[in-house]
Peer 1: 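Input: one structure, supplied below.
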Amino acid sequence: RPKVCVVYNGVDLEWLNSPEVQKPPAVHKDWKIILVVARVSRWKRHDVVLAAFESVARKVPNAHLVCLGARDDDEPDWWDELQDLSLRSKFSGQIHWEGHCADVRSWYRAASVLALASDNEPFGRVVVEAMANSLPVVAMNSGGVPEIVRHGKDGLLAEPGCSRSMAEALLKLLSDEPLRLQMGKSAKQRASFFNMDQHVKLMIRVFEEAAGQN
């Protein structure tokens, strides 16, 4: 028997899909929202998303970038750098920093796509959460993300650290609504693999096998 068994984190899909959750009232119905859900730390690479958004907004006038996540108190200068980049952008009016959000579900409902530019994301819980809400994902082809997102099925994987690659992926989804909806449907099905019940069953199996070997 193998000595190592991978058990993925479990996500409460029932909570995510609660029917009473509504879109944020301030969001215009015509917006195409690129959503980022991540603590504002350097390794999350918000700068890559901002650079990609410059290219996207030129071709998709109703694109908006919404960033959810608290400032990293260990890296306050990084927050300041990103705010400066956003303010100097030609599309600053379409870039929204919402800070910490206790309940992100309404934003998942409002978004068109989730973007994650982390250098080396270990797992990517927000990726599963977004997929459970029928959002295709554009993320980096690194870390644990490729084990969640099937490139070309549930979303698109970009070259790590490359804003051009991310922009191309975002544009492909935002400019092709049938493709975006198709990938969103596939993403929702894929997310069911990471439900909490599956996680618990696999953990029990690991414990039972370990106990049997001993």
Side-chain angles (χ1 to χ4, degrees), residues 11 13 16-17 21 23-24 26-38 44-69 86 89 91 94-98 101 104-118 121 123-146 148-191 194:
V11 177
L13 300 182
L16 282 169
N17 293 313
V21 177
K23 296 179 181 180
V27 172
H28 195 279
K29 64 179 182 179
D30 293 330
W31 286 7
K32 291 187 175 181
I33 294 178
I34 299 168
L35 182 65
V36 177
V37 183
K44 292 291 187 178
R45 297 306 304 272
H46 289 74
D47 57 318
V48 173
V49 182
L50 286 172
F53 185 70
E54 292 294 304
S55 299
V56 172
R58 290 189 186 97
K59 297 182 179 180
V60 185
N62 59 338
H64 284 252
L65 177 63
V66 175
C67 299
L68 305 182
S86 301
S89 169
F91 308 100
Q94 294 161 246
I95 302 173
H96 314 273
W97 291 89
E98 298 294 325
C101 181
V104 300
R105 291 178 296 174
S106 61
W107 285 106
Y108 287 139
R109 303 288 168 88
S112 297
V113 60
L114 180 87
L116 185 69
S118 307
E121 189 71 40
F123 175 72
R125 181 185 180 86
V126 298
V127 171
V128 178
E129 290 180 350
M131 290 167 62
N133 278 275
S134 301
L135 282 184
V137 174
V138 172
M140 296 305 169
N141 190 15
S142 64
V145 173
I148 305 171
V149 179
R150 298 169 297 183
H151 180 67
K153 291 186 177 182
D154 316 309
L156 298 169
L157 298 176
E159 181 181 343
C162 180
S163 60
R164 180 178 178 180
S165 180
M166 172 166 268
E168 290 173 352
L170 290 168
L171 282 168
K172 185 173 184 178
L173 287 171
L174 293 179
S175 60
D176 189 337
E177 187 68 2
L179 176 65
R180 190 185 71 81
L181 294 175
Q182 175 188 327
M183 285 194 180
K185 182 178 179 180
S186 177
K188 187 176 181 67
Q189 293 173 343
R190 175 64 172 164
F194 301 95

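Note: hydrogens, waters and symmetry copies are ignored here, and every other heavy atom, side chains too, is used. Throughout, numbering of the chain's residues begins at 1 and tracks the sequence.
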Peer 1: Would you please test S175 and V60 for side chain to side chain contact (heavy atoms under 4.5 Å, CB included) and show each step?
Peer 2: CA-CA 8 Å; S175 60; V60 185; 5.6 Å; no

Peer 1: Quick one: pull up CG in L68 and CD in E98 and give me the separation to the nearest 0.5 Å.
Peer 2: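 It comes to 6.5 Å.
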
Peer 1: Salt bridge check: are E168 and K172 linked by an N-O gap of less than 4.0 Å?
Peer 2: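 Looking at K172 together with E168, the answer is no, because their closest N to O distance does not fall below 4.0 Å.
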
Peer 1: Yes or no on side chain to side chain contact (heavy atoms under 4.5 Å, CB included) for V37 and W107, after CA distance, side-chain angles and deciding distance?
Peer 2: CA-CA 9 Å; V37 183; W107 285 106; over 6 Å; no

Peer 1: Do H46 and V36 come close enough that some side-chain heavy atom pair is under 4.5 Å?
Peer 2: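 Yes. Closest side-chain heavy atoms under 4.5 Å.
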
Peer 1: Taking all non-hydrogen atoms of both residues into account, name the closest pair between R45 and A117 and its distance.
Peer 2: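 For R45 versus A117, the nearest heavy atoms are CB-O, 3.2 Å.
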
Peer 1: Roughly how far, to the nearest 0.5 Å, is CG of L35 from CZ of R109?
Peer 2: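 It is 13.0 Å, given to the nearest 0.5 Å.
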
Peer 1: Quick check: closest heavy atoms across A111 and L135, and the distance to 0.1 Å?
Peer 2: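 Minimum heavy-atom contact is O-CD2, 3.2 Å.
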
Peer 1: How far apart are the closest heavy atoms of L157 and M140, and which atoms are they?
Peer 2: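 Residues L157 and M140, closest heavy atoms: CD2-O, 4.1 Å.
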
Peer 1: Could you tell me whether the side chain of K188 and the main chain of A132 form a donor-acceptor pair under 3.5 Å?
Peer 2: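 Such a contact is found between K188 side chain and A132 backbone.
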
Peer 1: Has the side chain of K32 got a donor or acceptor atom that lies under 3.5 Å from a matching backbone atom of L174?
Peer 2: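 Yes; judged by distance alone, with no hydrogens or angles, the pair exists.
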
Peer 1: Of all heavy-atom pairs between R190 and I148, which one has the smallest distance, and what is that distance?
Peer 2: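 Taking R190 first and I148 second, the nearest heavy atoms are NE-O, 3.0 Å.
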
Peer 1: Working to the nearest 0.5 Å, report the span between NZ of K59 and CG of L170.
Peer 2: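 Taking NZ in K59 and CG in L170, the distance rounds to 12.0 Å.
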
Peer 1: Counting neighbours of CZ on R58 that are heavy atoms of other residues, nucleotides or ligands and sit closer than 6.0 Å, is the number greater than 12?
Peer 2: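 Atom CZ in R58 is packed in, count exceeds 12.
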
Peer 1: Which heavy atom of A110 sits nearest a heavy atom of P24, and at what distance?
Peer 2: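 Here A110 and P24 meet closest at CB-CD, 3.8 Å.
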
Peer 1: Is there a side-chain contact between D154 and V137 in this structure, where contact means two heavy atoms from C-beta onward sitting under 4.5 Å apart?
Peer 2: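 No, their side chains stay 4.5 Å or more apart.
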
Peer 1: Look at the side chain of Q94 and the backbone N and O of A63, then say whether any donor-acceptor pair between them is shorter than 3.5 Å.
Peer 2: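 Yes, Q94 side chain to A63 backbone: donor-acceptor pair under 3.5 Å.
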
Peer 1: Measure across A38 and K44 and return the closest heavy-atom pair with its distance rounded to 0.1 Å.
Peer 2: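 In this case the closest contact between A38 and K44 is CB-CD, 3.8 Å.
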
Peer 1: Run the side chain to side chain contact (heavy atoms under 4.5 Å, CB included) check on H28 and N62 step by step: do they pass?
Peer 2: CA-CA 10 Å; H28 195 279; N62 59 338; over 6 Å; no

Peer 1: Just verifying a value: how many Å separate L171 CG and D176 CG, rounded to the nearest 0.5 Å?
Peer 2: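 Between L171 CG and D176 CG, I get 12.0 Å after rounding to 0.5 Å.
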
Peer 1: Do the two ring centres, one from W31 and one from H96, sit under 6.0 Å apart?
Peer 2: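 Yes, they do, as the ring centres are separated by less than 6.0 Å.
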
Peer 1: Backbone N or O of E159 within a donor-acceptor pair of the S165 side chain at under 3.5 Å?
Peer 2: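 Yes, S165 side chain to E159 backbone: donor-acceptor pair under 3.5 Å.
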
Peer 1: How long is the straight-line distance from OG of S186 back to CZ of R150, given to the nearest 0.5 Å?
Peer 2: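 Result: 4.5 Å between the selected atoms.
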
Peer 1: Output, in order, the C-alpha distance, side-chain angles, deciding distance and verdict of side chain to side chain contact (heavy atoms under 4.5 Å, CB included) for L65 and F91.
Peer 2: CA-CA 10 Å; L65 177 63; F91 308 100; over 6 Å; no

Peer 1: I need the L116 CG to E121 CD distance, nearest 0.5 Å.
Peer 2: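 So the gap between those two atoms works out to 5.0 Å.
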
